[in-house]
Protein chains: 2
Amino acid sequence: MDERVPRDFETLRTTILERRHSLPKRIAQIAAYALDNPDDIAFGTAASIAASAGVQPSTLIRFAQQLGFDGFTSLQLVFRERLRERNSSYDERLAALRAKAEEGAGHRAIFDGFVAAASTSLNDISGRLNEEHFEDAIALLAKAETIYVLAKRRSYPVASYIAYALGKLKIRNQLIESAAGLNAEMIGFASPRDAVIAISFSPYAPAAIEEARVISEQGVPIVAITDSSFSPLAQFAKVWFEVAEADFAGFRSLSATMALAMALTVAVGEKRRDAGRKRKA
Amino acid sequence: MDERVPRDFETLRTTILERRHSLPKRIAQIAAYALDNPDDIAFGTAASIAASAGVQPSTLIRFAQQLGFDGFTSLQLVFRERLRERNSSYDERLAALRAKAEEGAGHRAIFDGFVAAASTSLNDISGRLNEEHFEDAIALLAKAETIYVLAKRRSYPVASYIAYALGKLKIRNQLIESAAGLNAEMIGFASPRDAVIAISFSPYAPAAIEEARVISEQGVPIVAITDSSFSPLAQFAKVWFEVAEADFAGFRSLSATMALAMALTVAVGEKRRDAGRKRKA
DNA sequence: TATGGATTGGAATTATTATTTCATATTGCC
DNA sequence: GGCAATATGAAATAATAATTCCAATCCATA
């Protein structure tokens with residue numbers, strides 16, 4: 001065993017991919033299986049793995065030997081090590097972050113707390129996004145002449161990001177700011193051919209709700225991002241998204257909302273480009 | 001085996017913790033070891049685990065039986081299952097997201113791409129935050145009379161969030177907006193007793209850089225959040241943070257920057273509260 | 001402190017699993 | 001198309017690991 005044996009999964013993976021085409025059929029078969037089902041290699045027995053991959057146990061051992069290991073067992077160790085590391089690389093780290101943050105050890109803990117809250121929120125939303133609503137929202141926004149973006153206070157940063165991104169994508173948009181008292185007039189210009197993205201979380205800013213009400217009464221369709229079905233925003237909206245953000249130290253994360261906002265914006269941009277192309281053709 | 005056997009790790013854990021005090025000494029010893037080193041149980045052999053825990057293999061089996069399993073092997077399955085799930089619950093899921101996003105399957109892929117980018121960025125920053133810089137920045141900002149917040153374009157949402165949070169914490173602050181032409185005068189008011197949080201990423205908005213230069217020449221200390229040591233912002237800053245945000249579809253995530261911004265803000269708030277308390281005492 | 005029951009250690013046993021071997025099949029090459 | 005080299009399948013064998021068993025020890029209780 002003087003030749004260089006891959007001792008970590010990434011090296012192993014690379015090695016396999018390099019040699020892929022020079023491997024005999026059955027060996028290639030088990031190689032593909034190994035990269036596709038690393039967990040099975042980590043936990044299975046030579047016999048069970050061979051069966052799942054549709055080869056003989058001896059082939060599995062030859063595969064290991066071809067890679068420079070002295071048997072299946074040593075190959076398996078690499079797959080097990082990977083699981084150990086992977087595992088500690090996230091969930092446990094997040095748990096550790098949370099634990100550190102909770103026991104409140106100084107300023108670093110504050111940082112860890114916010115990182116953990118943001119990660120949790122992202123994790124959560126990625127499983128919960130309603131794909132139909134997402135498509136509906138994109139369709140609705142893509143055909144709008146002007147997209148109005150409405151959000152106050154905590155949600156305002158998201159709105160300003162949307163406005164920035166829409167601008168970069170050359171999509172006409174209007175941010176309804178809280179600052180000047182011109183909101184009423186701005187809203188007055190909106191027509192049913194336009195659309196609104198409204199964002200508001202509990203405790204809902206009264207101004208945001210009121211403006212959403214007025215604008216929906218003008219027949220302008222609203223896409224809302226909010227935090228529950230009881231949200232007053234939901235009742236005015238054509239489509240609405242529920243985003244649950246984790247909080248830390250009384251401040252809620254914005255990461256999930258941001259990710260959704262970015263995705264909406266870019267998807268609308270893409271949809272418009274596609275539509276434009278079709279019209280020309 | 002009619003009694004209820006814990007089939008998932010959490011249940012098992014709870015069961016062990018409940019019975020902890022009624023277990024015989026050696027069994028308790030292996031129980032503690034199991035909860036402390038779940039990975040070892042998942043991968044080890046009865047003999048190796050027993051040795052590490054300082055008991056006999058037979059004790060390990062008795063432990064498993066006491067919990068209702070019919071042997072060590074079935075107990076081990078629970079520990080292995082946990083690793084599988086844990087693993088697929090994040091890293092692999094993220095990889096899957098990325099893969100889906102890359103193969104570009106419709107709008108859902110866009111969403112997945114942004115979620116993945118945000119997760120990656122958070123993951124990254126949590127390992128890279130320089131704790132000393134963080135403490136320095138907090139100290140510097142905590143003693144400022146007014147905190148100026150300076151950011152344009154893509155970074156503006158972060159600035160507006162900081163301004164909002166500082167306001168909620170009753171810390172005097174001033175957002176230097178790009179809109180009106182009053183920036184120069186606003187900046188003119190800043191003194192060395194104040195401080196600035198400046199945020200800018202490549203391609204650096206010229207206005208942001210210019211304003212940072214002017215304000216630093218007035219002797220106002222700057223805390224910068226930027227993306228590399230070559231950033232023009234870094235040279236004006238007393239303390240600066242490097243934040244590497246992953247991007248998707250040409251838009252960069254803001255999640256790591258946001259988390260850092262929130263942490264900074266809240267930490268400053270906390271430091272001020274502490275200082276206030278001490279002064280009174 | 002004697003006694004019964006529970007607990008533990010250590011070796012023997014049994015089961016499972018990896019590996020080797022050898023006959024057979026396949027492939028590439030002249 | 002025939003030959004050698006290589007690859008594959010299947011079963012035998014060797015190794016390893018789980019489990020069981022029994023004697024020794026510990027502990028609570030009378």
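Sequence lines set the chain letters: A, B, ... in the order given, protein chains first and strands last, and positions in each chain run from 1. Quick caveat, the model's predicted, so the values are computed rather than measured.
With sequence neighbours excluded, the residues satisfying side chain to side chain contact (heavy atoms under 4.5 Å, CB included) with A:Val78 are A:Phe9, A:Leu12, A:Phe69. Every residue two or more places apart in sequence or in another chain that forms a side-chain hydrogen bond (donor to acceptor under 3.5 Å, both in side chains) with A:Ser74 is listed here: A:Asp70. The side chain to side chain contact (heavy atoms under 4.5 Å, CB included) search around B:Arg128 returns B:Asp124, B:Glu242, B:Ala244, not counting sequence neighbours. The ring pair (Phe, Tyr, Trp, His ring centres under 6.0 Å) test applied to A:Phe43 returns B:Phe43, not counting sequence neighbours. By the side chain to side chain contact (heavy atoms under 4.5 Å, CB included) test, A:Leu77 pairs with no residue at all, sequence neighbours left out. B:Ser255 pairs by the side-chain hydrogen bond (donor to acceptor under 3.5 Å, both in side chains) definition with B:Ser253, not counting sequence neighbours. Not counting sequence neighbours, the partners of A:Tyr161 by the ring pair (Phe, Tyr, Trp, His ring centres under 6.0 Å) test are A:Tyr164. Annotation: side-chain hydrogen bond (donor to acceptor under 3.5 Å, both in side chains) contacts of B:Asp136 (sequence neighbours excluded): none.
The overall bend of the helix from C:dT1-D:dA30 to C:dC30-D:dG1, read as the angle between its terminal helix axes built from five base pairs each, is 30° when rounded to 10 degrees.
No donor-acceptor contact under 3.5 angstrom links the side chains of A:Arg62 and A:Gln65, judged on distance only.
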List the atom pairs, with distances to 0.1 Å, where a side-chain N or O of residues 46-55 of chain A and a protein N or O form a donor-acceptor pair under 3.5 Å, not counting sequence neighbours.
from	atom 1	to	atom 2	distance (Å)
A:Ser48	OG	A:Thr45	N	3.0
A:Ser48	OG	A:Thr45	O	3.0
A:Ser48	OG	A:Thr45	OG1	3.3
A:Ser52	OG	A:Ser48	O	3.0

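Chain B approaches DNA chain D over the interval D:dA17 to D:dC21, counting the first and last nucleotide 5' to 3' with an atom under 4.0 Å from its heavy atoms.
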*Taking protein heavy atoms under 4.0 Å as touching, what does nucleotides 9-20 of chain C look like 5' to 3' if B marks base contact, S marks sugar-phosphate-only contact and - marks none?*
BB------SSBB

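Residue contacts shown for B:Ile27 are limited to sugar-phosphate atoms, with no base heavy atom under 4.0 Å away.
Residue B:Gln66 contributes atom CD, which lies 7 Å from atom P of C:dT7 at whole-angstrom precision.
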